[in-house]
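For the single chain, residues carry numbers from 1 onward in sequence order. Both ligands and their constituent atoms are indexed starting at 1 by order of listing. The analysis underlying the following values was restricted to heavy atoms, covering all of them including side chains, and did not include hydrogens, waters or symmetry mates.
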Amino acid sequence: MSVQGFPPGRAAVLTGLGAALPDRVVDNHELAGRLDTSDEWIRTRTGIRERRIAAPGESTVDLAVAAGRQALAGTGAGADAVVLATSTADQLCPASAPQVAARLGLGTAAAFDVNAVCSGFIYALATAQGLIAGGIAKRVLVIGADVFTSLLDPEDRTTVPIFGDGAGAVVLRGGDADEPGALGPFDLHSEGELADLLWVEAGGSRHRFSDDPRDHYLRMQGTAVFRHACARMAESSRAVLDQAGWMVGDVDRFVGHQANIRILQVAAKHLGLPADAVVANIDRVGNTSAASIPLALADAAADATIVPGHRVVLTAFGAGLTWGSTLLTWPDVL
Ligand code: COA
């Protein structure tokens with residue numbers, strides 16, 4: 001057995017990276033023109049200046065296909081499984097991943113969705129690592145994609161400024177646990193008692209339809225979510241560092257779910273990381289839910305904020321509640 005107990009060739013190694021954003025940019029000034037808010041409030045409370053919004057008819061599958069295509073192109077090969085992290089699938093039934101696989105020309109590849117909302121990408125990476133370690137798949141396309149703005153009440157100033165749409169993707173291949181790009185240990189958790197801190201009441205099997213349209217939109221208790229996100233992302237990051245035997249001082253980059261710049265700063269501080277370890281693109285994309293971490297990785301790799309050899313911690317927190325983390329040494333990938 002090799003490091004971390006994976007048989008040789010059965011660790012999940014990151015080998016491709018892709019991103020896709022809708023064309024339409026909506027800045028804070030545009031929102032302030034139709035909601036009781038201001039650019040100053042949004043920037044100082046969240047760190048967001050603008051976000052991308054899907055065009056009418058532009059869907060999660062569309063964005064996932066674009067990000068997935070870019071990630072696969074970088075590797076020059078296909079994938080035998082697609083794991084799509086999303087909470088805004090194109091339809092309630094079926095899952096969207098099979099449509100993504102079909103549009104990418106991946107034949108009859110295994111394909112399914114994972115819904116852990118904003119933590120979904122970390123959960124999907126863990127699932128893919130399991131498929132590779134178990135010898136079930138050799139190359140897995142892992143995509144985080146959401147048109148999260150489809151869940152927002154357009155009149156709600158407490159949610160509209162925060163979220164945006166997008167997709168990010170990575171390809172994982174079987175490799176060795178001690179090579180750059182190998183995903184490290186995972187730490188995954190949930191706390192369903194607190195589901196109603198971030199929740200869409202109607203449209204599911206319990207409450208199928210409500211006459212009050214607001215029941216079909218996201219409701220968020222922002223301050224409570226803020227507190228839990230800071231504590232859980234720090235705690236979970238520390239858990240994977242301990243499992244991997246890394247010291248906090250070994251970490252070069254901290255890639256947290258882009259929910260709020262202040263959450264990222266507080267979580268990093270709880271961990272004992274310097275502010276310049278925090279990777280942030282939230283100013284340009286807002287909170288893109290499951291797409292958040294791969295989009296931040298793609299941006300950071302493109303502008304060399306993350307370079308090969310950097311030791312990187314990935315951590316996320318989201319509705320459910322759910323949270324989780326993993327880590328890797330950044331490989332030579334673009
Ligand atoms: N523009 C102007 N004022 C706003 C506003 C907006 N868009 N949204 C809320 N306010 C007001 C509130 O009504 C409140 O007014 P009051 O003091 O008169 O009651 C005031 O601003 C402060 O609101 P509060 O909710 O306490 O602010 P906050 O500092 O907690 O920031 C969030 C609000 C939503 C930015 C913050 O709580 C947050 O980021 N929470 C986490 C959200 C999140 O990450 N969700 C996804 C998790 S995956």
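- Atom 27 (O) of ligand 1 is flagged as protein-proximal [any protein heavy atom, distance under 4.0 Å].
- Surrounding CG of D303 are more than 12 heavy atoms belonging to other residues, nucleotides or ligands, all under 6.0 Å away.
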Could you pull out every donor-acceptor pair under 3.5 Å between side chains of residues 275-286 and any protein atom, sequence neighbours left out?
| unit_1 | atom_1 | unit_2 | atom_2 | d |
| --- | --- | --- | --- | --- |
| N281 | ND2 | D299 | OD2 | 3.0 |
| D283 | OD2 | R49 | NH2 | 3.0 |
| R284 | NH1 | D299 | OD2 | 3.3 |

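- If you look at L35 next to ligand 1, there are no close heavy atoms at all, none under 4.0 Å.
- By the 6.0 Å contact criterion, CZ on R214 is open, its count of non-hydrogen atoms from other residues, nucleotides or ligands being 12 or less.
- Note that atom 14 (C) of ligand 1 has no protein non-hydrogen atoms nearby, at separations under 4.0 angstrom.
- Using a 4.0 Å threshold on non-hydrogen atoms, atom 17 (O) of ligand 1 does not count as touching the protein.
- The shortest N or O to N or O distance between R262 and ligand 1 is under 3.5 Å.
- At least one protein heavy atom sits closer than 4.0 Å to atom 30 (O) of ligand 1.
- With hydrogens left out, the protein atom closest to atom 45 (N) of ligand 1 is M220 SD, 3.3 Å, a heavy atom.
- Only the side chain of I162 comes within 4.0 Å of ligand 1, judged by heavy-atom distances.
- The protein heavy-atom contact nearest to atom 46 (C) of ligand 1 is N287 ND2, 3.5 Å.
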Sequence neighbours left out, cut at 3.5 Å: what donor-acceptor pairs do the side chains of residues 192-200 make with other protein atoms?
| unit_1 | atom_1 | unit_2 | atom_2 | d |
| --- | --- | --- | --- | --- |
| W199 | NE1 | E201 | OE1 | 3.3 |

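- D250 and R311 are joined by a salt bridge, as a carboxylate oxygen and a charged side-chain nitrogen come within less than 4.0 angstrom of each other.
- For atom 25 (O) of ligand 1, the closest heavy atom belonging to the protein is T223 OG1, 3.7 Å.
- Counting only heavy atoms of the protein, atom 1 (N) of ligand 1 lies nearest to T37 OG1, 2.6 Å.
- Of all the heavy atoms in A79 and L106, the pair that sits closest is N-CD2, 3.7 Å.
- Remark: R238 does not engage E235 in a salt bridge, criterion side-chain N to carboxylate O under 4.0 Å.
- Protein heavy atoms are found inside the 4.0 Å sphere centred on atom 21 (O) of ligand 1.
- D187 and S236 are linked by a side-chain donor-acceptor pair at a separation below 3.5 angstrom, with hydrogens and angles left out of the test.
- Closest to atom 12 (C) of ligand 1, if we only count protein heavy atoms, is R157 NH2, 3.9 Å.
- Residue-to-ligand polar distances keep S38 apart from ligand 1: every N/O pair is separated by 3.5 Å or more.
- Remark: ligand 1 and G222 share an N or O pair separated by less than 3.5 Å (distance only, no angle test).
- Nearest-heavy-atom check against atom 43 (C) of ligand 1 across V225, L321, T44 picks out V225.
- A distance below 6.0 Å separates the ring centres of F209 and H216.
- Looking from atom 44 (O) of ligand 1 to the surrounding protein, the closest heavy atom is A259 CB, 3.3 Å.
- The protein non-hydrogen atom at the shortest distance from atom 10 (N) of ligand 1 is W41 CZ2, 3.4 Å.
- Here's the thing with T46: none of its N/O atoms is less than 3.5 angstrom from an N/O atom of ligand 1.
- Between R45 and ligand 1, an N or O atom pair is found at a separation short of 3.5 Å.
- Considering both main-chain and side-chain atoms, N260 comes within under 3.5 Å of ligand 1 through a nitrogen or oxygen pair.
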